[in-house]
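Here is the structure we will look at.
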Amino acid sequence: MRSREIVLKLVGVCRTTKLLTQLHSLTIRTGLRYDTHLAAKLTELYFELLPVQTARKLFDEIPHPSVFTCNRVLQSFCRKKRYEQALSLFSPLFSFEKPDHFTLLFTLKACSALKWLNFGKAIHGLGKKHGNIHSNMFLGSGLIEMYSKCGNMDDALSIFEEYSNPDLVLWTTLVTGYEKNFKPDEALAVFTGMVMAHCIIPDPITLVTVVSACTQLLNLKAGKSVHALVFRMGYESPLPLSNALLNLYAKTGSTFYAGNLFRVMEEKDVISWSCMISCCAHNDAIDRAIRLFDEMIDKGVEPNSVSLISALQACEACCNLDKGRQIHEVALQNGLELDILVSTALIDMYMSCCSPWEAITVFDRMPSKDPVSWFALLCGCVQNGMANKSMQIFCDMIASDIQPDATVMVKILGACSELGVLQLTSCLHNYVIRGGFISNSFVGASLIDCYAKCGCLEEAIKVFESLTDKDVVVWSSMFAGYGIHGQARESIKLFHRMVTDSTVWPNKVTFLSILAACSHAGFVEEGIEFFNIMLNEYQLMPESKHYAIAVDLLGRTGELDKAMCLINQMPSQVGAHVWGALLGACRIHQNAEIGEVAARNLLQLDPDHAGYYILLSNMYADGGKWDDAAELRGSIKERELKKITGQSVVRL
DNA sequence: TTAGGGTTAG
């Protein structure tokens with residue numbers, strides 16, 4: 001074998017710097033350094049195995065590096081996704097040699113990946129200077145991709161239009177550009193033009209992008225026609241295309257089609273499983289989502305963050321703490337527990353499953369936190385009634401330089417209203433003003449609610465009057481504020497002001513606030529009138545909460561039959577608070593007959609609620625039915641139920 | 001030596 005072939009073979013297997021140094025010396029000694037092919041391979045190795053500076057030095061020693069050699073260096077860096085290094089070598093590599101089409105193509109790849117538009121434009125200019133871009137479709141697709149990835153679809157389209165006979169790849173690059181730039185309508189229009197006007201047959205790569213565009217549009221019909229096209233074309237749908245279709249069905253809530261496709265897929269990867277789990281978790285097939293996750297693990301498919309997150313969401317939806325803990329264990333085993341997305345999903349799951357301290361432990365273990373993870377922690381604590389802890393988290397969050405947004409402010413004001421501490425409300429009020437949140441109507445409404453619940457109605461009114469753009473949320477919170485303070489008259493007056501002085505249209509929450517105000521102040525007639533206004537004048541269907549207040553109002557005047565009649569007319573399921581209101585009224589008016597109906601319904605809805613048993617037993621006692629009362633008290637003991645006792649706090 | 005894509009997401 002000639003020495004050239006031997007050296008080439010050695011270069012092919014060289015993986016160590018020691019051998020590389022020997023080969024380098026050998027090529028110098030044998031004069032093989034002038035061999036273009038060998039020089040290219042060797043240069044690739046310099047940049048692969050040695051520090052960049054050393055590699056550059058050795059490269060500089062090559063007497064006449066060919067364009068081919070320089071291109072190989074660029075290509076090698078692009079393959080390893082070291083794009084910045086590739087671009088930093090562009091000038092040194094091509095200081096003597098003129099770049100060719102290959103050079104431009106590799107460079108454009110790096111520009112696309114880095115989204116370096118100016119560099120990309122310079123390469124475009126260079127291509128034009130060297131002439132015949134139009135004869136080279138490789139360069140065309142590179143340029144379209146570069147402009148697309150930099151978000152410049154107008155320029156991408158201009159490049160495309162320079163080609164009189166674009167091939168499938170050029171068309172696909174343009175379709176993909178539109179899809180990736182969230183212009184799915186344009187993507188589908190270009191695709192349709194390609195198929196209909198230019199009779200170009202798409203391949204699976206084109207179809208993946210087209211399905212993604214349909215998914216963005218939530219256009220199930222168009223997506224299904226692509227699926228039909230795949231069938232008609234007669235080829236087996238490749239995995240990425242099947243996954244794209246699964247994703248379409250998942251996002252459009254088509255669990256049936258997703259399940260059918262998933263069942264017939266011969267090859268499935270973690271993405272297919274993730275799509276299917278996510279589809280079930282988000283479309284009321286919670287148990288199936290959990291079963292799929294277990295099946296995936298049983299089959300030895302390694303979970304990724306997405307499959308874990310979807311499975312955790314399923315646990316969250318059905319409050320399955322045990323399963324959530326098991327999935328946490330799987331995340332730990334796969335080294336994904338501290339992935340920021342997985343950790344946050346764990347926090348959400350633990351918070352929703354009423355285990356806030358486990359959520360807090362996960363948060364404390366996270367090596368880095370972002371605004372979303374802070375938000376999950378804060379909201380979870382508020383949701384779990386940990387108002388003091390929420391306040392502490394809010395302070396820690398600010399100390400960690402995480403800027404709260406309006407939603408966080410609404411949550412923290414909610415916690416503050418629970419604490420009912422006026423000084424805290426004043427501090428948050430200042431923060432709201434300094435942070436520019438006051439223009440947000442939800443924040444404004446929360447602040448009104450907060451002041452009202454802290455017992456400071458005057459401040460609530462001041463905030464209300466200072467808001468220039470009052471929407472229905474703001475008005476409703478002020479009605480409720482008056483209601484909390486027993487000022488139903490003011491609440492009603494303000495309602496009339498809203499109707500006459502503004503264009504704001506009341507909603508169901510508005511009426512809930514007014515009805516609550518009437519109930520609180522004992523304004524029975526007015527309350528019933530508002531219930532009828534809501535239904536007849538504003539055509540708003542009352543919900544269970546509205547019915548509960550109406551029943552309470554009728555109950556106050558002893559009109560228990562009317563209340564019962566109203567309940568029987570309810571179009572939706574009768575909630576616990578409706579029966580609760582009726583039971584309370586029955587006790588006052590000593591109507592054991594209706595009271596028993598109410599209590600039995602209540603206990604059916606919530607058999608572990610000790611308070612309902614006690615109410616009913618008191619009612620029996622009031623009516624002298626001591627045996628019945630004793631029986632109920634007995635069942636409280638038997639079930640080991642305890643009434644949650646009220647607590648008072650005095651803050652000095 | 002060249003080109004178009006990949007689904008999932010707190």
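Below, chain A is the first sequence line, B the second, and so on; all start at residue 1.
The OH atom of A:Tyr178 sits 16 Å away from the P atom of B:dG5 (whole-angstrom rounding). The CD1-C1' distance, from A:Ile277 to B:dA9, rounds to 13 Å in whole Å. The nearest whole Å value for the distance from the CG atom in A:Asp370 to the C1' atom in B:dG10 is 8 Å. Distance, A:Leu143 CG to B:dA3 C1': 11 Å, rounded to whole Å. Atom pair A:Leu104:CG and B:dA3:C1' shows a separation of 14 Å (rounding to whole Å applied). Separating the CG atom of A:Leu346 from the C1' atom of B:dA9 is a distance of 14 Å, rounded to the nearest angstrom. With rounding to whole Å, A:Phe138 atom CZ is found 10 Å from B:dG4 atom P. The CD1 atom of A:Ile271 sits 5 Å away from the C1' atom of B:dT7 (whole-angstrom rounding).
Closest to the side chain of A:Leu341, from the set B:dA3, B:dG5, B:dG10, is B:dG10. In this structure, the nucleotide among B:dT2, B:dA9, B:dG5 sitting nearest to the side chain of A:Thr209 is B:dG5. When each of B:dT1, B:dA9, B:dA3 is scored by its nearest atom to the side-chain atoms of A:Gln313, the top-ranked nucleotide is B:dA9. In the set B:dT7, B:dG10, B:dG4, the nucleotide with an atom closest to the side chain of A:Cys275 is B:dT7. Distances from the side chain of A:Leu168 to the nucleotides B:dG10, B:dG4, B:dT7 place B:dG4 closest. Comparing atom distances between the A:Val372 side chain and each of B:dG10, B:dT7, B:dA9 picks out B:dG10 as nearest. Nearest to the side chain of A:Lys180, among B:dG4, B:dG5, B:dG10, sits B:dG5. Picking from B:dG10, B:dT1, B:dG5 the nucleotide with the shortest atom distance to the side chain of A:Asn71 gives B:dT1.
Counting atom types as modelled, A:Asn136 pairs no side-chain N or O with a base atom of B:dA3 as donor and acceptor under 3.5 Å. Not a single donor-acceptor pair, N or O on each side, falls under 3.5 Å between the base of B:dG10 and the side chain of A:Ser343. Not a single donor-acceptor contact under 3.5 angstrom links the side-chain atoms of A:Thr173 to the base of B:dG4.
The cationic atom of A:Lys109 (NZ for Lys, CZ for Arg) does not lie both less than 6.0 Å from the six-membered ring centre of A:Tyr83 and within 45° of the ring axis.
A:Asp203 comes within contact range of at least one nucleobase, with a heavy-atom separation under 4.0 Å. Within 4.0 Å of A:Lys251, counting heavy atoms only, lie sugar-phosphate atoms of the nucleic acid but no base atom. Residue-level contact check: A:Ile205 touches the bases, meaning some heavy atom is under 4.0 Å from a base atom. Counting any heavy atom pair closer than 4.0 Å across all strands shown, A:Ile144 reaches no nucleic acid atom. No engagement by A:Ser242 is indicated, since no non-hydrogen atom pair under 4.0 Å with the nucleic acid exists. Nucleic acid contact class of A:Phe106 (heavy atoms, under 4.0 Å, all strands): base. Looking at heavy-atom distances under 4.0 Å, A:Leu174 makes no contact with the nucleic acid at all.
A donor-acceptor pair shorter than 3.5 Å cannot be found between the side chains of A:Ser141 and A:Thr173.
Using a 4.0 Å cut-off between charged nitrogen and carboxylate oxygen, A:Glu5 and A:Lys9 do not count as a salt-bridge pair. A salt bridge is absent between A:Arg291 and A:Asp298; no separation between the charged side-chain nitrogens and carboxylate oxygens falls under 4.0 Å.
Lacking a ring centre under 5.5 Å from that of the base six-membered ring together with a plane angle below 30°, A:Phe102 does not count as stacked on B:dT2.
Aromatic ring centres of A:His24 and A:Tyr46 lie closer together than 6.0 Å.
In this structure, A:Asp405 contributes its side chain and A:Thr407 its backbone to a donor-acceptor pair below 3.5 Å. In this structure a side-chain-to-backbone donor-acceptor pair under 3.5 Å is missing from A:Asn334 to A:Leu336.
Applying the 4.0 Å criterion to OP1 and OP2 of B:dT1, one finds that A:Lys109 has every side-chain N and O outside that range. Taking 4.0 angstrom as the limit, A:Arg72 places none of its side-chain polar atoms (N or O) nearer than this to OP1 or OP2 of B:dT2. Distances shown here put a side-chain N or O of A:Ser278 below 4.0 Å from the OP1 or OP2 atom of B:dA9.
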